[in-house]
2 protein chains.
Amino acid sequence: MKISELSRRTGVPVASIKYFRRQGLLPAGRATAATLAEYGEEHAERLRLIKALTTLGGLSIAATREVLGAVDQARTTEGALGAISYALPVPVASQGGAGEEEEAEAERAAGAEVAELLAALDWRAPAASPHVQGLTTALKELRRLDAQYAPGELAAYAGLAESVARLDLARAECLDDPVALAERAVIVFAICAPVFELLRRLAQEDQVRRRLADGDAGGPPSECGPH
Amino acid sequence: MKISELSRRTGVPVASIKYFRRQGLLPAGRATAATLAEYGEEHAERLRLIKALTTLGGLSIAATREVLGAVDQARTTEGALGAISYALPVPVASQGGAGEEEEAEAERAAGAEVAELLAALDWRAPAASPHVQGLTTALKELRRLDAQYAPGELAAYAGLAESVARLDLARAECLDDPVALAERAVIVFAICAPVFELLRRLAQEDQVRRRLADGDAGGPPSECGPH
DNA sequence: AGCTACTGGATAGTGGCAGTATCTTGTTGT
DNA sequence: ACAACAAGATACTGCCACTATCCAGTAGCT
């Protein structure tokens, strides 16, 4: 199929298709002449994946390239899952605070907290893992905002995260073909994160609503269990 | 304190402070003369919050303005929580697909799936809620990618999301002062989402690692339980 | 062969965003 | 009086994700 038809079938403008090609997100069509190339179903598929990653997953073009690169290099299941996980952007940017001294101190404290958590849960992750780094940064900032997790709270969240991850893995692994598996894994890892976030928001919304209804009788606006 | 000192203490450049003021994120200092204003501790505090929302929470300036507006208008606990929840950007953008006919069909199917989920969980949320809308969009796209959730899977995620939300609410509500509460709620809602995402990634990483270790003996690269 | 519509590829331009720099006018402190 | 700084307004910068234009080179019809 020609580029115009690919465009028509996917709803992506021709100029954007060319752009994705230039950016290395989409392989070139099979050239049949100097100014003519043939595109196949796999191109349409890839285009759908690109759109899903950028719009649903909120990934940048660069991040999408990373992720798709990991998909394309996926030879074994495990390798693919790991590569994809590392290719996804970490959702925290460090910010460079003011003080020098206390900054280092906060960094140490946060790092210790992360290490302790990993040890308690028996999660194995290299200290250089971007996720460990990001978590350390986030905890450091929360500490600076005076909104640390209470003891055990972080572990409670982590336990739930583990359950979620178990569901993710089950969802990602039930395929035989390594290529299909890699693509599925991308979707599960990259696109299902916002879905869970939405579920969490809905759950929050519901609970807030319930609390409002309960408190309607004129009780105190916020009661808080013993802590 | 003068703007230069505010800058020094928070690590935010003077030009950026002015920019935030123009954008309505930061109240003006108390003017003591035509070209002189006095800033207080609350400005430093607000600046820290802004930086946390934009760098850790990944919010845009516009979204940050929304959220801070909700904080400032927070009179009651419940109102604040709801307003903040709605002020946060929804992590899915709709994308406008190709076909007209089947598009509407997919939309209907996804909408029904969401409604069914909400009914099953007895979650109360208006159909117009941005979270409901976003979830519908996401499910529609997943369907198009042939990566729908298996029956019951979505509910399993939702159950975990509910537990997470319960932790969130507990974390947000343990304060008396409504202003402090609103600020805490912002942090819990906006900044802890990436933290959970990181925990999820770490959990995924650990489980992938374990699976790799198990399969090392030379077994088949991917086995999948009976399903 | 001639003509038009279309193709792939290269290059340049657009609009939005998040700052950053500059300029003007006014104030402070010595 | 005067250098140093302050405030606000305006303009500029760099990045990103496209989008438009231009240039040969076919394809297919007549």
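First the proteins, then the strands, lettered A, B, ... as listed; each starts at 1. Just so it is clear, the model here is predicted, and its values are computed rather than measured.
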Subject >> B/Ile3 CD1 - C/dT20 C1' separation (whole Å) >> reply: 14 Å

**OP:** Would you confirm whether B/Ser7, through its side chain, and B/Ile3, through its main-chain N or O, come within 3.5 Å as a donor-acceptor pair?
**Re:** no

Original post:
Using a heavy-atom distance cut-off of less than 4.0 Å, which residues of residues 18-34 of chain B contact DNA chain D?
Top reply: B/Lys18, B/Arg21, B/Arg22

Original post:
Which is true for B/Thr54 with a 4.0 Å heavy-atom rule: it touches a base, it touches only sugar-phosphate, or it touches nothing?
Top reply: nothing

**OP:** Name the nucleic acid region contacted by B/Ala15, choosing base, sugar-phosphate or nothing; use a 4.0 angstrom heavy-atom cut-off, strictly under.
**Re:** base

**OP:** Look at the side chain of B/Leu36 and decide which nucleotide, out of C/dT28, D/dA7, D/dA17, has an atom nearest to it.
**Re:** C/dT28

Original post:
Rounded to whole angstrom units, what separation is found between the NZ atom of A/Lys2 and the C1' atom of D/dG25?
Top reply: 14 Å

Original post:
Phosphate oxygens OP1/OP2 of C/dC6: is one of them under 4.0 Å from a side-chain N or O of A/Thr35?
Top reply: no

Original post:
Is the side chain of A/Glu66 donor-acceptor paired with the backbone N or O of A/Ile84 at a distance under 3.5 Å, no angle test?
Top reply: no

Subject >> Interatomic spacing from OG1 in A/Thr64 to CG in A/Leu59 - rounded to 0.5 Å >> reply: 4.5 Å

Original post:
For B/Ser16 and C/dA18, is the shortest distance between a side-chain N/O and OP1 or OP2 below 4.0 Å?
Top reply: no

Subject >> Nearest-nucleotide pick for A/Pro13, side chain only, options being C/dT20, D/dT19, D/dA7 >> reply: D/dT19

Original post:
Does a side-chain N or O from B/Ser4 land closer than 4.0 Å to OP1 or OP2 of D/dC5, or not?
Top reply: no

Original post:
Is any side-chain N of the basic residue among A/Arg209 and A/Glu205 closer than 4.0 Å to the acidic one's carboxylate O?
Top reply: yes

Original post:
Considering all heavy atoms of both residues, which atom of A/Gln23 and which atom of A/Arg65 are nearest to each other, and what is their separation?
Top reply: O-NH1, 2.6 Å

**OP:** Provide, to the nearest angstrom, the distance between the CG atom belonging to A/Leu47 and the P atom belonging to D/dA17.
**Re:** 16 Å

Original post:
What is the distance, rounded to the nearest whole Å, between atom CE of A/Met1 and atom P of C/dT7?
Top reply: 13 Å

Original post:
Starting at CD1 of A/Ile17 and ending at P of C/dT7, how long is that distance when rounded to a whole Å?
Top reply: 11 Å

Original post:
Given atom CG of B/Leu59 and atom P of C/dA18, what is their separation to the nearest angstrom?
Top reply: 10 Å

Original post:
Is a salt bridge present between B/Glu41 and B/Arg9, judged by a nitrogen-to-oxygen distance below 4.0 Å?
Top reply: yes

Original post:
Any idea which heavy atoms bring A/Leu145 and B/Ala52 closest together, and the distance?
Top reply: CD1-CB, 3.4 Å

Original post:
Between D/dC18 atom C1' and A/Arg65 atom CZ, what is the distance in whole Å?
Top reply: 14 Å

Subject >> Rounded distance (Å) that lies between atom C1' of D/dA4 and atom CD of B/Glu5 >> reply: 17 Å

